[in-house]
Every structure is written in structure tokens, then in C-alpha cells.
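One structure follows; several queries about it will come next.
To find a chain, count down the sequence lines: A is the first, B the second, and so on, and within it residues start at 1.
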Amino acid sequence: MSESEKPVSFQSYVKTCAYVFAGVLIATSLMIYASFLPHYGWPTKVSIILTIAAVNAFLVAGYLMHLLSEKKLVYTVLAFTVFFVIGLAGLTLWAMSDFPVGTAVH
Amino acid sequence: MEIPYTVQNRPDTGLYNAKLGIWLFLASEVMLFGGLFSAYVLLRAGAEPGMWPHGWLNVTLGTVNTLLLALSAITTLLAWAACKVRDFGKFKFFHACTILLALSFLGIKSYEYHDKFIHYEIALADGTFADGHLKEKSADFDLKKKTGTVTIEGHIVEDRKELMDLRTEEAKKAVHKEIEIKAADIKKMQNYGPWHNTFTAIYFTMSGLHALHILGGTLVIFYLWGPGSKMWKTDPERFTNRIEVSGLFWHFVDLVWIFLFPVMYLT
């Protein structure tokens, strides 16, 4: 049974939402803090910030969208999506260093 | 005519039709935004050293918008939970909160856009650059005929690269004052709209598309809060499913912003 089919306790949802909001607040603060860190290069900062953003996204998707307890078909749809997004992004980035001879502009 | 599986789950998929439908739609949305994020990475990685802007967007406003959207995601979930426990009053309250939070988000976004449209970079004939917010144009101002003057609240820099990173100590120390410039001294004048450079182009494209999603979602939520809520009296289960489906879309819009905010405002 997925989360949305279980009997709902409104108070438990209020509690979950409070924890998620606190999590989002902390994650957002950490991202901003990380972006102003001196002595770190751009790649390091971006890695830290995007990792925190992924945690933030997990909180929203996992708890607010009930993805932690969904039906198998939803996971299948998402698995295909992740596969195609990685393919889309990967091919685009791969193409960056694959200009035909004599056509690269920089 | 009664449409099957609007309330009960289909035995083969284990989901009611609208829920499977929204997940498939969200999958296509992931592809859409995934393509745009890839384009962003491509543009960012391909930028000349020192020519990709930093600090051009207001982090405070972006943070406020992040929290507004997170709060609206929570009120959406609570509106659905209220439907599940058959408390229509609470549903009305939480969905009204979602609408107000969404409108606040759009209001702040509009302010940010307006700020970019009145912000000008002016290439001067002596090779320097004036940069600032437009205060006034004289009545006879005409760039082509080279008549009149324009007044901005800003500063003048020697090198255009100085305008790229507004987080440096030098940029923070820059004194902004009213500057009156004759049209005859202007080589080129352009605001920070989508046409300004690659950063503003991708920023307006991605945040604009996201704002359109917010607008669309708000309209749907408003319908379900207002005229669409009549269904509560006749078919509360089906209505609750509609709230869940619209909520999933709303959470997705929040998810996009969770990545858009750090990518555009912080990196």
C-alpha cells in the first residue's frame, strides 16, 4: 500500500511537514554558506552546493511526494526517466569535446 | 458517463489513472528541464575565463522565494491530508495559503525581472563602461540621433570584466551615484534583459519557464479551491485524488526550484 492509500493522521502530517521545512531551511542556509566560502575553487563549491541541493530534493520527493513508499510502476517510470536524462545530459556534454575537425570555435 | 479508475486503483498498474498520468507527465517535464540544465552546463563550461557573471542575482530574494515555495509545498500536502480526514474547512484554508504563497513568489520574481530590465550597461565612446539602474531619460533622448541625456544610478568601470563578478571586494566597494550621460558619448546601451548575454538568456529562459509552471499550477489550484471544489459534495474521494495529483505537480515545481536557485544564484 502506498503512503497516499494509508489512513491519514493529520497531526502526524503536520509533524512530518515541520521536520521537512526545518530540513529545507537548514539545507538552504548551508548552500548559501557554502557559496560564500573563501579558499575553495568553483568546482568544489558547485559539488558541495549540488550535493546539499540533492539532499533538499530528497526531502521534498521522499516525504512530500511520498516517493519513499510508492508503487512499483512509479519507480519504473522514474528509472526510465533517470536513464534518459543521464543519456541526454551525457551526450550533450560528450559532444562538447567532439567537434568535427576544423569546426571548433575555441 | 462514468470514467473508470478515477477513484479505485487499476488492478494492473496499482494506481488510479490520473496518478499514473501525472507521473508520466512529470517524467516528460524532467526531460524538458533536464535539457535546459544540460544547456546551462554547456554554456557555463564554454564561457571565456572571467566572463561568466557571479553575484548578478539577489540571493536574499532568491532565498525568500525558496522558502515561500517550500512552505507552499507543505500547505499543498496539508490540504490533501485535510481532504483525507474529511475536513473541508482545513482544506480551504491550506489551499488558500498555497495560492497566496504562489502569488508572493510570482510577485518577487516580477520584481527581480523588472530590476533587470531597468539595469543598463552603457559602453561609452572613451572605452569605459557605465553600469547602473535607469533613473531618467531626457525628453529629447535619442540614441540614433545622438540627442539628449540619460541618467543612471551606478558607477563607471575601465574594463567590462569588472562588471562580471559582483562578489569581489572591489565590486562591493564601488560607490554608486547619479551619473548623467550624453547620448553623443554613448557607443552602445543595453539593459540586462535576455538579449544581454548568455547568462541572462539562460536565466530568463529557465526561470521564466519555471514561473510559467508556477502560474499554471496556481490556476489549477485556484480552480480546485474555488469552482472545482463543488465536487467535494458529490464525490469526495475523486476530489481528494485531484488534490493529490495537482499536489504532485506542485512538488515537482518546488523540486525544479531547489536546483534552479543554487545553480543560478549561488554558483
Side-chain angles (χ1 to χ4, degrees), chain A residues 1-2 4-14 16-18 20-21 23-25 27-29 31-32 34-36 42 45-46 49-50 52-54 56-57 59-61 63-67 70-74 77-78 80-82 84-86 88-93 95-96 105-106, chain B residues 9 12-15 19-20 23-24 26-31 33-35 37-39 41-42 44-46 48 52 54 59 62-63 66-67 69-71 73-78 80-85 87 90 167 240-241 244 247-248 250-252 254-255 258-259 261-263 265-267:
Chain A
M1 189 188 282
S2 74
S4 59
E5 292 163 33
K6 289 178 188 166
V8 166
S9 156
F10 192 79
Q11 285 313 315
S12 76
Y13 264 98
V14 171
T16 306
C17 287
V20 169
F21 187 69
V24 170
L25 204 62
T28 307
S29 310
M31 279 195 291
I32 295 167
S35 76
F36 286 99
W42 181 74
K45 278 187 187 180
V46 171
I49 289 169
L50 289 184
I52 301 168
N56 208 348
L59 288 175
V60 172
Y63 293 97
L64 302 187
M65 294 174 96
H66 299 140
L67 260 188
E70 256 309 342
K71 288 280 168 62
K72 200 179 157 193
L73 185 63
V74 173
V77 168
L78 290 178
F80 272 102
T81 310
V82 169
F84 283 115
V85 165
I86 289 173
L88 172 86
L91 284 173
T92 312
L93 297 177
M96 276 172 72
V105 288
H106 62 270
Chain B
N9 290 339
D12 49 357
T13 63
L15 301 162
K19 194 162 176 180
L20 177 59
W23 275 113
L24 289 170
L26 293 185
S28 74
E29 290 279 85
V30 170
M31 295 304 291
F33 280 101
F37 275 106
S38 299
V41 173
L42 207 65
R44 173 71 183 83
E48 295 285 323
W52 190 260
H54 291 283
V59 175
T63 307
T66 304
L67 299 181
L69 220 47
L71 263 180
I74 282 168
T75 54
T76 308
L77 182 72
L78 292 177
W80 168 79
C83 287
K84 282 294 230 187
V85 296
D87 190 336
K90 269 190 187 147
R167 287 185 174 187
T240 305
N241 285 352
E244 184 181 16
L248 284 171
W250 196 254
H251 295 313
F252 171 78
D254 184 26
L255 274 183
I258 281 173
F259 287 101
F261 168 64
V263 164
Y265 289 73
L266 303 179
T267 61

Handout entry: Rounded distance [0.5 Å steps], NZ in A:K71 versus CH2 in B:W23
Key =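 Atom-to-atom, A:K71:NZ and B:W23:CH2 are 13.5 Å apart.
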Problem - Reported NE2-to-NE2 distance for the pair A:H66 and B:H251, which is rounded to 0.5 angstrom - result: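 Separation between the atoms: 7.5 Å.
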Problem - B:F261 portion near chain A, given a 4.5 angstrom heavy-atom threshold - result: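 Only the side chain of B:F261 comes within 4.5 Å of chain A.
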Exercise for the section: Could you check if a side-chain atom of B:T267 sits within less than 4.5 angstrom of a side-chain atom of B:R44, using non-hydrogen atoms only? Expected result: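 They are not in side-chain contact.
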Problem - Contacts of type ring-ring contact (aromatic ring centres under 6.0 Å, His included), residue B:F252, not counting sequence neighbours - result: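 With sequence neighbours excluded, B:F252 shows a ring-ring contact (aromatic ring centres under 6.0 Å, His included) to no residue whatsoever.
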Practice task
Could you have a look at B:D254, B:D87, B:N241, B:V85 and say which one has the most heavy-atom pairs with chain A under 4.5 angstrom?
Solution key: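 Option with the top pair count is B:V85.
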Problem - Largest heavy-atom contact set with chain B, pairs under 4.5 Å, which of A:I52, A:T16, A:I32, A:T28 - result: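 Max contact count across the listed options: A:I32.
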Handout entry: Residue among B:L248, B:V263, B:L78 with most heavy-atom pairs under 4.5 Å to chain A
Key =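 Of B:L248, B:V263, B:L78, B:L78 has the most heavy-atom pairs under 4.5 Å with chain A.
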Handout entry: Proximal component of B:T66, with respect to chain A [non-hydrogen, under 4.5 Å]
Key =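 Only the side chain of B:T66 comes within 4.5 Å of chain A.
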Problem - Interatomic distance, B:M31 atom CE to A:L88 atom CG [nearest 0.5 angstrom] - result: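 So the CE of B:M31 and the CG of A:L88 are separated by 5.0 Å.
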Problem - CG-OG1 distance between B:L20 and B:T13, expressed to the nearest 0.5 angstrom - result: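 Those atoms lie 5.5 Å apart.
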Exercise for the section: With rounding to the nearest 0.5 Å, note down the distance linking CG in A:L59 to CE in A:M65. Expected result: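 Going from the CG atom of A:L59 to the CE atom of A:M65 covers 13.5 Å.
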Exercise for the section: Go through the atoms of A:L78 and report whether side chain, backbone, both or neither lie under 4.5 Å from a heavy atom of chain B. Expected result: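 Just its side chain gets close to chain B.
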Handout entry: Residues which pass salt bridge (charged side-chain N to carboxylate O under 4.0 Å, His left out) with A:K72, listed by chain and number, not counting sequence neighbours
Key =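 Testing A:K72 for salt bridge (charged side-chain N to carboxylate O under 4.0 Å, His left out), a comparison that skips the adjacent residues, returns none.
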Exercise for the section: Please flag which part of A:V82 lies under 4.5 Å from any non-hydrogen atom of chain B: side chain, backbone, both or neither. Expected result: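 No part of A:V82 comes within 4.5 Å of chain B.
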Exercise for the section: Give the member of B:S38, B:G247, B:S28 that has the highest number of heavy-atom pairs under 4.5 Å with chain A. Expected result: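 Option with the greatest count: B:S38.
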Exercise for the section: Check each atom of B:A39 against the heavy atoms of chain A and say whether the ones under 4.5 Å are side chain, backbone, both or neither. Expected result: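 No part of it gets close to chain A.
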Problem - Which portion of B:V30 sits near chain A, non-hydrogen atoms under 4.5 angstrom - result: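 Both parts, heavy atoms under 4.5 Å.
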Exercise for the section: Would you mind checking which part of A:L64 comes under 4.5 Å of any heavy atom in chain B, side chain (CB onward), backbone (N, CA, C, O), both or neither? Expected result: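 Both backbone and side chain of A:L64 come within 4.5 Å of chain B.
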Practice task
Heavy-atom distances under 4.5 Å only: say whether B:L77 touches chain A with side chain, backbone, both or neither.
Solution key: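 Just the side chain, heavy atoms under 4.5 Å.
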Handout entry: Interatomic spacing from NZ in B:K84 to CD in B:E244 - rounded to 0.5 Å
Key =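 These two atoms lie 7.0 Å from each other.
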Exercise for the section: Please flag which part of A:L67 lies under 4.5 Å from any non-hydrogen atom of chain B: side chain, backbone, both or neither. Expected result: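 Looking at A:L67, just its side chain touches chain B.
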Exercise for the section: Pick one of side chain, backbone, both or neither for B:L26, based on which atoms fall under 4.5 Å of a heavy atom in chain A. Expected result: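 The answer is the side chain of B:L26.
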Exercise for the section: Could you tell me how the ring of A:F80 sits relative to the ring of A:F84: parallel (under 30°), tilted (30 to 60°) or perpendicular (over 60°)? Expected result: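 Judged by the thresholds at 30° and 60°, the geometry between A:F80 and A:F84 is parallel.
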Handout entry: Among B:A73, B:A81, B:A70, B:G35, residue most engaged with chain A (heavy-atom pairs, under 4.5 Å)
Key =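 It is B:A81.
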Problem - Top of A:V46, A:V24, A:V77, A:V74 for chain B proximity - count of heavy-atom pairs under 4.5 angstrom - result: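 Highest number of pairs under 4.5 Å: A:V74.
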